[in-house]
Amino acid sequence: MRQFRTIFAFEYLGYVKNKAFIATTVALLAVMAVVLCFPRFSDGSFLAGFGGEAKTLAVAGEGAESAAASLQAALPDMRVAAVTADADALREDVLAGECHAAVLLLDAGRYRYITETAGMTDMTPAVVQETLSSLYRAKLLSQYGLTPQESAQALSAVAAGETVTLGKDQSQTFVYTYVLILLLYMAVLIYGQMVAQSVAVEKSSRAMELLITSSKPMNLMFGKVLGTGAAGFTQLAVVLAAAFLLYRANSGLWAADGVVASIFNMPLSILLYTVLFFVLGFFLYAFLYAAAGSLANRLEDINTLATPVTFLMIFAFMVSMFSMLSDVDSALMRAASFFPLTAPMAMFTRICMGSVAPWEIAVCVALLVLCTFLFGALCAAVYRVGVLLYGKPPKPLALLRAIQGDRAARRQKKG
């Protein structure tokens, strides 16, 4: 136990005191501060389109005045103006930047929307379509003898419905689930690579040969992985705590942004599950990265040896991401929830957005805990043999024979 504490403290303090680690943490804090305090700096204009002048929509053609008034009500963040111009003049105004877009009213309810760039997230064309369609329907109803008031009442009539959600409302949980899954994915990749590089550096410098003879492989493996993981979690905790405090200080300015609010107002149970699956998922993969690093003779070999581990992580990430957009309780996601290498992401996604029985969570967590220790023991055996192997990385069968030979030699020594 003393060996483990020594190795753990050495690894943890080595990362925490590292200048690059500190610089990265400070940079992340600065980014969080700029993003979450931006509404205060810009006097709230950030929420209305990153500040600047309001975009202009020009309306021309017969009935431009009434159409412009309706469009102004439907597009409060834009400046809608009725103008006298033909199609060519409107094109020139749009290209010259005199207006963001233009609408040319034609006959029989037809119109032409003119814009320089059709943005993927620009909802203005859809609003123009709906508004002008309503005006055209009102005009037709008036021709059938209805008064403007009766036309407005008929067009504004809607069915009164109520939605009863018995499970999770995915529209409310999608954003923070996406952010947390992405955060887990990035943390495993970044800190897992740090574990592999640390092992490879010590092996290439021959320092590992001295360590492996004076310390137990299990202590070395767990000390390195837990030390690196603790340093990574410290960095994440500092950044996320700062983000939470900055959001609380500026929460009033973010009140109109439901996306940001949903991230910082997630239930406490989700936060606890986040920590649980972060810890289990990271250590599960970190042991594999450490084993891969022990087989590398040079730092350049790490990417090749760690590629299978990285692909497994990418597969788990992609399965969870695509399921979030379709069915988080599909047969594939249910199976992935109990497969150890995909369970941290798959089960967490189902907890946030789907329907999961308590026994499923208990079985998943038990399997993850068991597999984490089994992976740790297996990777410690690979670690013990791998750090003493030089030259071309061994193939799986050769590695297995080397592990069996090492165990037999140790049993003979004890006997």
Side-chain angles (χ1 to χ4, degrees), residues 35 38-161 163 171 175 250 252-262:
V35 171
F38 196 87
R40 187 177 300 277
F41 299 149
S42 60
D43 196 23
S45 59
F46 174 78
L47 299 177
F50 295 97
E53 295 183 4
K55 296 178 180 179
T56 301
L57 176 66
V59 182
E62 184 179 356
E65 292 288 345
S66 60
S70 299
L71 288 170
Q72 184 64 80
L75 297 167
D77 295 333
M78 296 187 71
R79 187 170 64 87
V80 183
V83 299
T84 303
D86 56 12
D88 293 335
L90 289 176
R91 288 191 183 95
E92 292 178 2
D93 289 343
V94 172
L95 291 174
E98 297 293 333
C99 57
H100 171 69
V103 175
L104 178 61
L105 301 175
L106 304 174
D107 58 344
R110 297 185 301 114
Y111 71 94
R112 186 175 300 159
Y113 183 79
I114 303 170
T115 183
E116 182 176 7
T117 303
M120 293 180 61
T121 59
D122 187 6
M123 299 302 297
T124 305
V127 176
V128 170
Q129 167 74 24
E130 180 62 29
T131 303
L132 295 183
S133 296
S134 297
L135 291 176
Y136 182 60
R137 287 193 292 266
K139 182 179 179 180
L140 291 177
L141 289 174
S142 66
Q143 293 176 358
Y144 296 141
L146 273 69
T147 65
Q149 292 77 12
E150 291 172 336
S151 298
Q153 184 178 1
L155 292 173
S156 61
V158 294
T163 301
S171 64
V175 175
N250 300 279
L253 300 175
W254 290 102
D257 196 317
V259 173
V260 176
S262 68

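Positions are given from 1 along the sequence. Only this structure's heavy atoms are used, side chains among them; waters, hydrogens and symmetry mates stay out.
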If you measure from [atom1] on [X] to [atom2] on [Y], what distance do you get to the nearest 0.5 Å?
X	Y	atom1	atom2	answer
L135	L140	CG	CG	11.0 Å
D93	D88	CG	CG	11.0 Å
L105	L132	CG	CG	6.0 Å

| request: Grab the two heavy atoms, one from P125 and one from Y113, that are nearest each other, plus how far apart they are. | output: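 Closest heavy-atom pair between P125 and Y113: CG-CE2, 3.7 Å.
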
| field | Closest contact, heavy atoms only, A60 versus A85 | value |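 Taking every non-hydrogen atom into account, CB-O, 3.6 Å.
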
Does any non-hydrogen side-chain atom of [Y] lie less than 4.5 Å from one of [X]?
X	Y	answer
E98	T56	no
V103	V80	no
Q129	Y111	yes
L57	H100	no

| query | With respect to L104, which candidate in D86, L90, V59 satisfies the side-chain contact (heavy atoms from CB on, under 4.5 Å) definition? | reply |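 By the side-chain contact (heavy atoms from CB on, under 4.5 Å) criterion, L104 pairs with just one of D86, L90, V59: L90.
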
| message | Could you check whether any side-chain N or O of E92 sits under 3.5 Å from a backbone N or O of A87, counting only pairs where one atom can act as donor and the other as acceptor? | response |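 Such a contact is absent between E92 side chain and A87 backbone.
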
| query | Are any of the side-chain nitrogens in E130 or R137 under 4.0 Å away from the carboxylate oxygens of its partner? | reply |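 The answer is yes: the pair qualifies as a salt bridge.
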
